[in-house]
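None of these values were measured; they are calculated from a predicted model. In what follows, residues are counted from 1 in the order of the sequence shown.
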Amino acid sequence: ERTVEKGNAGGTEGTNTGIISNASNNDAVAVSGAGGNAGGIAGKNTGSISSSVANSNVTAMADSANAIGGVVGVNSGANAKLDTVRSLGIVNGTYNNGTVITTNNVGGIAGINNDDAQITKAYNVAQVSGGSNVGGIVGNGTAGNLQEVVSAGDIISSGTNVGGIIGNSETMVINSG
């Protein structure tokens, strides 16, 4: 298991600013502190991730975590691209350590997608759970594009803004292809 208290935890890289291709991760990934991000491949992506599969249990163990996703916690920036990625595990934004803790911004592919980041040909079958802003592909989308995405996993939310594709969308564009 890869766990960080602060910062970014990922099955392959904590933060990706370059290119990840043909990656596969089966290890558990967790964030346990305030402001952290966790994803099956990368905690935060500002580069390119393609043809990759995460079969991970991604968990937030703190209610002050920023975002968690099956592939990335945060996909951010005009150069950020997720292309032909799959999430097959569990994305768990609900944690019980004697007190139930829920995390917001939880997505089957990305917890947060912002600043014109793109997600193309993404497939999620992971069970996704959290507080508010919980989605099968993106938990909280403030700007960017989704194209040819499918979510077939269960989505569970104890808060507001829950969706099969996007939990909360401000200026996201969805194109079915």
With rounding to the nearest 0.5 Å, note down the distance linking CG in Asn16 to CD1 in Ile41.
-> 10.0 Å
Just wondering, do Asn114 and Ser76 contact through their side chains at under 4.5 Å, heavy atoms?
-> yes
Joint cluster assignment, Ile20 & Val53, ILVMFWY side-chain distance < 4.5 Å | no
Are Val72 and Ile49 close enough that some pair of their side-chain heavy atoms sits under 4.5 Å apart?
-> yes
So CD of Gln147 and CD1 of Ile174: to nearest 0.5 Å the spacing works out to 11.5 Å
Is a side-chain donor or acceptor of Asn25 paired with a backbone partner of Gly40 at a separation under 3.5 angstrom?
-> yes
Hey, is the main chain of Ala62 close enough, under 3.5 Å, to the side chain of Thr103 for a donor-acceptor pair?
-> yes
Can you name the one residue among Asn140, Asn104, Asn105 that meets side-chain hydrogen bond (donor to acceptor under 3.5 Å, both in side chains) with Asn168?
-> Asn140
Separation between CG of Leu88 and OG of Ser24, rounded to the nearest 0.5 Å | 8.5 Å
Are Asn161 and Asn133 close enough that a side-chain donor and a side-chain acceptor fall under 3.5 Å?
-> yes
Between the CG atom in Asp27 and the OG1 atom in Thr12, the distance rounded to the nearest 0.5 Å is 9.0 Å
Taking the side chain from Ser87 and the backbone from Ala126, do they hold a donor-acceptor pair closer than 3.5 Å?
-> no
Going only through I, L, V, M, F, W and Y residues with side-chain contacts under 4.5 Å, is there a path from Val29 to Met61?
-> no
Treat each ILVMFWY residue as a node, draw an edge where side-chain heavy atoms are under 4.5 Å apart, and state whether Val128 and Leu146 are in one component.
-> no
Side chains of Asn124 and Ser151, donor plus acceptor under 3.5 Å = yes
Under a single-linkage definition using a 4.5 Å side-chain heavy-atom cutoff for Ile, Leu, Val, Met, Phe, Trp and Tyr, are Ile112 and Ile166 assigned to the same hydrophobic cluster?
-> no
Indicate yes or no for a side-chain donor-acceptor contact from Ser52 to the backbone of Ser50 under 3.5 Å, with no hydrogens or angles considered.
-> yes
Spell out, yes or no, whether Val85 and Val138 are grouped together once hydrophobic residues are joined by side-chain heavy atoms under 4.5 Å, including indirect joins.
-> yes
Any chance you could measure Glu148, atom CD, to Asn175, atom CG, to the nearest 0.5 Å?
-> 7.5 Å
Enumerate donor-acceptor pairs with a distance under 3.5 Å from any side-chain N or O in residues 152-160 to protein atoms, sequence neighbours excluded.
{"residue": "Ser157", "atom": "OG", "partner": "Gly131", "partner atom": "O", "Å": "2.5"}
{"residue": "Ser157", "atom": "OG", "partner": "Gly159", "partner atom": "N", "Å": "3.1"}
{"residue": "Thr160", "atom": "OG1", "partner": "Ser132", "partner atom": "OG", "Å": "3.4"}

Determine yes or no for a side-chain-to-main-chain donor-acceptor pair under 3.5 angstrom, with Thr171 supplying the side chain and Thr142 the backbone.
-> yes
